[in-house]
Amino acid sequence: MAGVLTRAGGLVLQRVLMLAALLALVFAAVELLPGDAARATSERGETAADLAARRSLLGLDRPLAVRFWDWMSGLPTGDLGMSARGEKVTALLAGPFPQTLLLGGLALLVTAVVSVALGCWAAARPGGAADRGVTASATAVLALPEFVVAVGLLLVLSSWTGWFPAVTLTGADGGVADPSMLVLPVLALAVPQIGWNTRIVRAALADQARAPHLETAVLDGLPPRRVLLFHLLPGALPTIAAGLATSTGMLFGGAVVVETVFNHPGIGTLLTGAVGDRDAPLVAGVVAVTGAVVTGVLLLADLVRARFEGGRA
Amino acid sequence: MDVSRRRLLAVGGGLGAAALLAGCGGGADGAPARGGANDRPRTGGVLRVGALGRPNAITRDPHGTQTNESDYLILALLFDTLTVPGGSGAVTAPRLATRWEPSEDLRTWRFTLAQGARFHDGSPVTAEDVVWSLKRLRATPAGASRLPGIRAEGIRADGPDTVVLVSDHPNAELPLLTRLTTFVLKKDTRDADLVKGNGTGPFKLEWFRDGNARLVRNDHWHGGRPHLDAIEVKIFATPQAMANALLGGQIDVASNVGPVAARVAGSRRDIQTVRRPGDMAMPVVMRTADGPFADPRVREALRLAVDRKAMVDQVLSGYGQVGNDILGTADPAYLGSAVPQRARDLARAKALLAEAEFDTNATYELFTTEDIAGLAESATLFATQVREAGVNVKVVKQESAAFWDRTWLKAPLYTTYWGTNDSVLFLASKTMLPDAGQNEAGWKDEDFDTAYRAATGERDAARRRAALAEVQKIQHERSGYLLWGVADGIDLAGPKVRGLPKLPGYGRVQLERAWLAS
């Protein structure tokens with residue numbers, strides 16, 4: 001038991017350190033961009049003295065390391081600092097982040113269900129028509145950038161057919177005004193990930209099929225569906241979980257693009273605006289919360305692997 | 001950064017979709033239901049307006065830095081400024097101030113407030129509220145530029161309904177300065193209460209969330225009862241998404257959506273295109289203080305080398321007018337055809353360059369940004385055109401933050417842009433006086449300064465008009481600006497929308513007279 005805890009603790013520590021390093025990198029990257037937050041958020045009529053005052057107000061006259069440390073030291077208390085325009089970063093994230101989580105979460109769910117279903121269908125008869133068709137189309141769509149998928153979906157399912165709304169609008173509660181507005185963005189995010197994960201599921205099942213205990217099961221005359229669900233799938237689960245966990249990060253990346261195309265009120269537009277503003281605390285804030293979610297999902301995948309592989313060993 | 005590259009790709013993709021979408025919708029039947037000017041406005045209805053904005057730049061402060069068009073639209077419907085941009089012959093129209101008059105020396109101006117004007121909470125507007133608001137505006141970082149020539153101590157009340165503004169110098173055009181930013185708040189409004197939007201404007205705030213808002217009619221507005229029951233403002237990060245929303249019927253107006261969307265929507269007979277001339281100038285700045293373009297002959301050569309018609313047709317998709325190197329094309333006092341239109345003359349351009357011993361072997365960098373649609377394209381086409389006169393121009397596209405930090409006010413050759421081009425003197429005061437903080441070309445010309453002072457400071461109106469003409473002629477002749485054209489502002493609207501403003505720039509936010517046909 002102690003061993004498991006130590007191992008889990010080590011994993012958590014490792015992930016947290018990686019996240020901290022990533023945040024340091026974000027601060028440094030924003031610093032390297034030409035121009036600074038004081039200039040980017042000023043208006044034309046401001047004088048050099050106004051700019052200097054803004055610089056000192058935003059703390060830009062202090063060394064990068066000091067600014068980073070200041071920001072990091074607020075992190076344990078949930079304080080993500082102030083944006084370049086003087087708003088609390090947590091307040092700026094409060095509306096959009098749940099919207100991105102909703103979009104990403106739904107896309108992950110769709111990805112998981114569809115890719116496992118397709119992968120199983122393909123694996124049921126290796127080399128059959130279904131297998132070849134699924135594998136080929138999975139390969140084709142996994143290479144598609146999200147924006148191509150987004151624009152294609154927009155054209156076919158909105159402009160031509162009028163089945164779904166072209167953009168997302170929000171109501172007084174900040175939420176999506178109508179669930180139908182989520183369909184196109186979720187699909188645009190999920191399709192490339194379905195391609196990727198279907199291949200992983202298919203490969204993981206094929207791996208399992210070569211395991212010795214499988215031959216026994218087949219020789220015992222168990223029906224193929226039973227073999228698939230109770231013998232193949234559990235063994236393939238760690239690999240499938242790892243694949244989906246990797247997709248979480250990709251989903252956040254894709255969300256930036258997809259949210260822009262569909263005007264989804266998530267962190268995508270917040271992030272592009274923050275980069276334009278040279279707003280290191282806001283960029284880092286977005287990275288911190290998404291990083292925390294990705295880290296959590298990766299940890300979960302690690303634990304699944306530990307549980308299943310450990311259980312069998 | 002990868003983010004911005006992907007964003008660009010996404011934007012491009014969105015455009016493609018919008019183009020195809022419009023192409024498909026072209027078969028839709030039904031005559032465009034544009035109402036005549038004589039239609040009686042109908043009361044009622046909710047107008048859904050899309051406007052551009054970014055969530056990280058949202059501001060609720062009427063005197064804050066307004067980056068988002070969506071924020072400005074909301075604020076301009078909730079709060080009143082003293083005056084607003086006017087149409088038909090007058091640059092300045094009444095709003096919270098119903099009339100204004102200067103002293104003999106044109107330095108002291110008295111503004112009379114509208115009778116019976118009230119804040120949304122019911123309390124009456126007093127001169128004290130206006131004074132407090134103007135002083136608050138004056139105290140912002142850009143305050144000196146927002147109220148040029150007016151110090152805090154020069155703002156005072158005279159009785160309950162008169163506000164007095166004293167200028168450092170005679171200024172016949174002072175009311176012009178009160179048009180866009182002088183939002184009036186209730187005296188002693190705390191910063192924390194700004195979000196309540198307690199203004200005097202034609203609409204009241206129902207809710208605001210993440211840049212979106214719903215505003216309901218102010219039945220007691222001093223300017224008359226608005227027609228619409230409510231206006232819903234929707235924030236959009238890109239014009240492409242906004243155009244798609246309009247074409248799909250999710251919004252009724254796409255505010256300032258641009259020429260690309262207009263071209264796309266051209267085949268849809270149910271969509272109205274509102275053109276607002278004089279909206280955006282995108283001049284090329286040639287530095288006059290020093291450097292390769294300091295010689296006026298070189299600047300004249302570049303002005304003769306550019307093909308203005310081709311620029312308007314290609315960069316603005318034809319949605320604009322040819323410029324004549326004078327800023328303020330929508331000003332009723334704009335000279336227009338009274339000054340001969342500069343046309344392309346490559347032979348003369350080459351001769352002038354030779355005369356000035358301009359180095360045609362060197363390559364000159366032209367800095368530009370993608371801050372507004374068409375700007376970078378204008379630089380590219382300009383470079384191609386002047387190359388035919390022997391000037392080697394290389395376009396350097398900079399990221400916005402880098403441009404404003406390193407290039408603006410400094411580089412010998414760059415593109416700039418100015419909105420709301422309805423006043424020659426306003427733009428001259430901002431960009432061409434020696435002490436103007438935004439003298440983009442480093443220009444200094446004593447004759448110009450004299451003409452400007454006369455145009456704003458002469459008591460005699462006829463002499464002011466003559467001086468204003470002189471201001472324009474000097475600009476045309478030798479300033480640091482090459483103004484090849486001015487873009488129309490373009491809004492798209494659904495079939496039932498009526499009464500949208502046709503004014504350039506921020507005049508577009510005056511939606512209090514808009515209505516929806518049944």
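Convention: sequence-line order gives letters A, B, ...; per-chain numbering from 1.
Using a 4.5 Å cut-off between heavy atoms, B/Ser400 makes no contact with chain A at all. For a residue to count as touching a neighbouring chain, one of its non-hydrogen atoms must lie under 4.5 Å from one of that chain's; by this rule B/Leu409 does not touch chain A. Contact annotation for A/Leu92: only side-chain heavy atoms (C-beta onward) come within less than 4.5 Å of a heavy atom of chain B. Within the 4.5 angstrom heavy-atom criterion, atoms from both the backbone and the side chain of B/Trp404 approach chain A. Contact of A/Pro265 with chain B is not made at all, since no heavy-atom distance falls under 4.5 Å.
Comment: B/Asp252 engages B/Arg48 in a salt bridge, judged by a side-chain N to carboxylate O separation of less than 4.0 angstrom. Using a 4.0 Å cut-off between charged side-chain N and carboxylate O, B/Arg54 and A/Asp277 make no salt bridge.
Interface check for chain A: of the options B/Ala237, B/Gly64, B/Ala57, the most heavy-atom pairs under 4.5 Å are formed by B/Ala57. Ranked by heavy-atom pairs under 4.5 Å with chain A, the first of B/Ile251, B/Asn212, B/Asn56 is B/Asn56.
Partner of B/Gln398 under the side chain to side chain donor-acceptor pair (under 3.5 Å) criterion, chosen from B/Thr369, B/Thr407, B/Thr368: B/Thr407.
In this structure, a donor-acceptor pair under 3.5 Å is present between the side chains of B/Thr67 and A/Arg85.
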In sequence, state the C-alpha distance, the side-chain angles, and the governing distance for B/Glu232 and B/Arg214, and then conclude on salt bridge (charged side-chain N to carboxylate O under 4.0 Å, His left out). CA-CA 4 Å; B/Glu232 288 181 2; B/Arg214 184 179 158 93; 2.7 Å; yes

